[in-house]
Each structure stands twice: as structure tokens, then as C-alpha cells.
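Take a look at the structure set out below.
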Amino acid sequence: MSLASHNLYENSTPYELIEPSGVLSTVDARYEALSDRAVRVSGSTFRKSERYTIKLEGAELAGYQSIIVGAVRDPVILRQFDSWLAGLEKACRERIRAVFGEDIEEKYKFHVRVFGKNAAMGPLEPETAIGHELGLLFQVTARTQELATALMKSVGHMAVHYPVPEWSGLITSIAYPYSPAEIARGASYRFNLNHVVEPASPLEMFKIDYETVR
Amino acid sequence: MKLWEIAKLIRSKNSGPFELTFDVILKDRATYEKVRDANVINAQWFARTYRLRPEVVSIINYDAAAAIKITIPRPTISGDIDDNDVFGGQQYGPLVDLEIP
């Protein structure tokens, strides 16, 4: 049973294992325990494909990132957290446009992840209750590290003092664990290619260089 | 009864960068058959919970491992700049407390 369950891992089906030269079918596979440590597997079949295929995945540079980690503890802010954060994000975008000009819009992306609310599942999170504090992760992605860092510095200043109506005067609404608050994350990549290649020969795509080591 | 009480393992993981796959491995054969036949883990429940069309939800009852496998398209591509979970390992939360009759 534990051997059979291995077919589940990171596969969309346990019945078909697709390999370059064919498909291993486990539909009729039988798993018999011979002892506590040994298993006999029989009945799986291999269908050879007409064409030899190679899975080709590719990634591209998505941009350079800068992040800020912070925490919010004020119950007054937490009670109106969604509207406070929406206002904060809008204020940050407006500040960036004011400082860097109109044409900055297509040169960066700004995301906020909220730990303690929906950091793992994002908008799919069905749970609505929150605890006594929330963690924030601000993220800017831009074409260069210099720009990402400059934009994040702007976000950091704007966000930390973003007000709520209940308090008058300048507030410091986010606890930053670091100074400077922003952290350069470097280059970030994303998948952009998911193909099945039919090479002329099985080795065509794999260059082999031989070296003699004395 | 909640699903976690009768499962050996509930997990989620990428099956390639564009898919998310969930495995529910039950404690024993009898429990597996009960859950399988109750049909509460179905395309409609997944579509509602993960905001998808039911047609894109694949469900496989895997008798050999007393397991149910569910595969859906990833809401965001693994590692993309708005992805929250690069390995897809923490997307099974709503399944854990699913009520099994």
C-alpha cells in the first residue's frame, strides 16, 4: 500500500507514468507484501510510444524584487483591516506615480501578502477570522534591482504612517523588524514554457562533452 | 466525522508548475470505501471551494493505495510573482475539516 501510494506523489494520475519512450500503465498492477520490507509488484504494462518525446520546461526573468516584512498589532486597525489595507495600497500607488511619473505604471508590480489572514491561499481562503496581530509582506517587482529598491523605499515610508480615522496625529502603524526596512531579493523567474518536444533522436537535445582527466 | 480523523494523510502538491494535486490517503480499506462511496469529495465541492468550473476538476479513486486523488489547474503558475505557495504544499486546508457522513 505504501508503495502504491508512491505513484500519487507529484503526479496528476497514479495510473499513467509518462516517460520519454512510452507510458507505464499501473491500472492492472498488483502489490503483494512478501515480508515487512519486501513487496512484489506485477501486472504493470509499458506501452511504447511511436515517437520519442522529451518534456521541455522553460523560465523567464519576471523582474527584480524588493520586499518589506512588518506586523500590525493595533486593534483599531485590525477591526477595519481590509479597508485600511486597500487604502494603503492605493496611497502607495498614488505616491509612486507622483514621485516617479505617469510612465512608471507599466514598469512595476506591487503585491501585499497578509500572514495570519490569507497568506497561503490568497483570495481562495474560506476562513475569515483573524488573530491579535497580522504579518505583512510588501513586494515590488521591477525591471532593475535599483528601481525595485527605490520603489520599495517609497512604499515603506508611505505604509508605516498610513492613518486610520480614529487616531489624530501621525501614527506608526506597522512594526518593521529591520532598518532599512526593505530587503533586495534579486532576480525572480517565472515559468513560460511547457512543451513536449519530438527530437530527431533521443540524444539530440543532450550535448555530451568528454574530457580526459589524468 | 471530519476527514482528518479518518485519513492517514491529506496533502497538496504541484504536479508540474500548472497543476495542483491533492491526495487523501485513508486509514484503511473499509474507511476508504466509505469515503469513496459517500461521494462528498466531488467535483462540485472542489469547484465551489477553489472557485473553478467542475469540468476542470479530475478525481481518481485509487483503490490500490486506499486513496483519492484530485487534480485542478493551479490558480497561479508556480513561482509567478503573485503565487503564494511555490510547492503548492499548503492548499489542502479546507479538505481537513470536511464533514464525512
Side-chain angles (χ1 to χ4, degrees), chain A residues 1-16 18 26-32 41 43-44 55 57-65 67 108-115 118-127 137 139-142 148 185 188-194, chain B residues 8-9 11-29 32 46 48-52 57-98:
Chain A
M1 208 122 119
S2 67
L3 191 73
S5 65
H6 195 72
N7 287 338
L8 293 165
Y9 194 66
E10 290 185 350
N11 262 328
S12 56
T13 160
Y15 292 125
E16 291 207 322
I18 302 170
T26 63
V27 173
D28 298 319
R30 286 161 43 84
Y31 304 86
E32 295 161 86
V41 182
S44 48
K55 183 175 180 184
E57 290 183 349
E60 64 180 349
L61 181 68
Y64 293 82
Q65 291 182 327
I67 60 169
Y108 82 104
K109 289 213 160 60
F110 178 44
H111 292 93
V112 185
R113 304 171 197 272
V114 185
F115 288 82
N118 60 5
M121 293 192 67
L124 294 176
E125 178 57 61
E127 182 67 61
L137 179 67
Q139 170 188 309
V140 161
T141 311
R185 230 185 62 73
S188 181
Y189 298 87
R190 68 176 155 225
F191 280 98
N192 71 338
L193 203 62
N194 185 39
Chain B
K8 196 155 74 176
L9 177 67
R11 71 179 165 198
S12 62
K13 201 81 166 66
N14 295 344
S15 53
F18 308 100
E19 282 180 354
L20 203 56
T21 195
F22 300 80
D23 297 330
V24 178
I25 305 178
L26 284 314
K27 281 188 173 151
D28 52 54
R29 170 84 42 197
Y32 161 69
F46 259 84
R48 202 165 57 242
T49 306
Y50 292 90
R51 302 193 197 163
L52 302 156
V57 179
S58 147
I59 298 183
I60 294 173
N61 295 316
Y62 186 41
D63 296 355
I68 300 171
K69 172 177 270 302
I70 308 95
T71 303
I72 62 173
R74 247 176 160 284
T76 53
I77 296 168
S78 170
D80 214 339
I81 56 174
D82 56 347
D83 184 24
N84 288 315
D85 187 357
V86 171
F87 300 129
Q90 276 298 306
Q91 301 303 306
Y92 59 86
L95 266 173
V96 172
D97 288 329
L98 186 64

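Because only heavy atoms are used, hydrogens play no part in the values below, and waters and symmetry mates are left out as well, while side chains stay in. Just so we're on the same page: letters track the sequence lines, and every chain starts at 1. None of these values were measured; they are calculated from a predicted model.
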Which atom names give the shortest non-hydrogen contact between [X] and [Y], and what distance separates them?
X         : Y        : result
Asn118(A) : Asn84(B) : O-ND2, 4.4 Å
Ile25(B)  : Ser5(A)  : CD1-CB, 4.0 Å
Asn61(B)  : Tyr15(A) : O-OH, 3.3 Å
Ser12(A)  : Thr71(B) : O-OG1, 3.2 Å
Ala65(B)  : Leu8(A)  : CB-CD1, 4.5 Å

Sort [X] into side chain, backbone, both or neither according to what part of it lies under 4.5 angstrom from a heavy atom of chain B.
X         : answer
Gln65(A)  : side chain
Thr13(A)  : both
Pro126(A) : side chain

With sequence neighbours left out, what residues match Tyr31(A) under ring pair (Phe, Tyr, Trp, His ring centres under 6.0 Å)?
none

Identify, with sequence neighbours excluded, every residue that meets ring pair (Phe, Tyr, Trp, His ring centres under 6.0 Å) alongside Phe22(B).
Phe46(B), Tyr50(B)

Toward chain A, the part of [X] with a non-hydrogen atom under 4.5 Å:
X        : value
Ala67(B) : side chain
Ser15(B) : both
Thr49(B) : backbone
Ile81(B) : both
Gln91(B) : both
Asn14(B) : backbone

Using a cut-off of under 4.5 Å on heavy-atom pairs, state which of [options] scores highest against chain A.
options                               : answer
Asp82(B), Leu9(B), Ile77(B), Asp85(B) : Asp82(B)
Arg51(B), Gln90(B), Lys8(B)           : Arg51(B)
Leu20(B), Thr76(B), Ile60(B)          : Ile60(B)

Does any part of the side chain of Pro94(B), heavy atoms only, come nearer than 4.5 Å to the side chain of Met121(A), both counted from C-beta?
yes

Is atom [atom1] of [X] surrounded by more than 12 heavy atoms (other residues, nucleotides or ligands) closer than 6.0 Å?
X        : atom1 : value
Arg30(A) : CZ    : no
Phe18(B) : CZ    : yes
Ile18(A) : CD1   : no

CG of Asn11(A) to NZ of Lys13(B): how many Å apart, nearest 0.5 Å?
11.5 Å

Among all residues two or more places apart in sequence or in another chain, which pass the salt bridge (Lys or Arg N to Asp or Glu O under 4.0 Å) test with Arg185(A)?
none

Chain B: which of Ala62(A), Pro123(A), Ser188(A) shares the most heavy-atom pairs with it under 4.5 Å?
Pro123(A)

Any residue of residues 108-115 of chain A which, by heavy atoms, sits under 4.5 Å from chain B
Lys109(A), His111(A), Arg113(A)

Does any N or O in the side chain of Tyr62(B) come within less than 3.5 Å of the main-chain N or O of Ala4(A), such that one atom is a donor and the other an acceptor?
yes

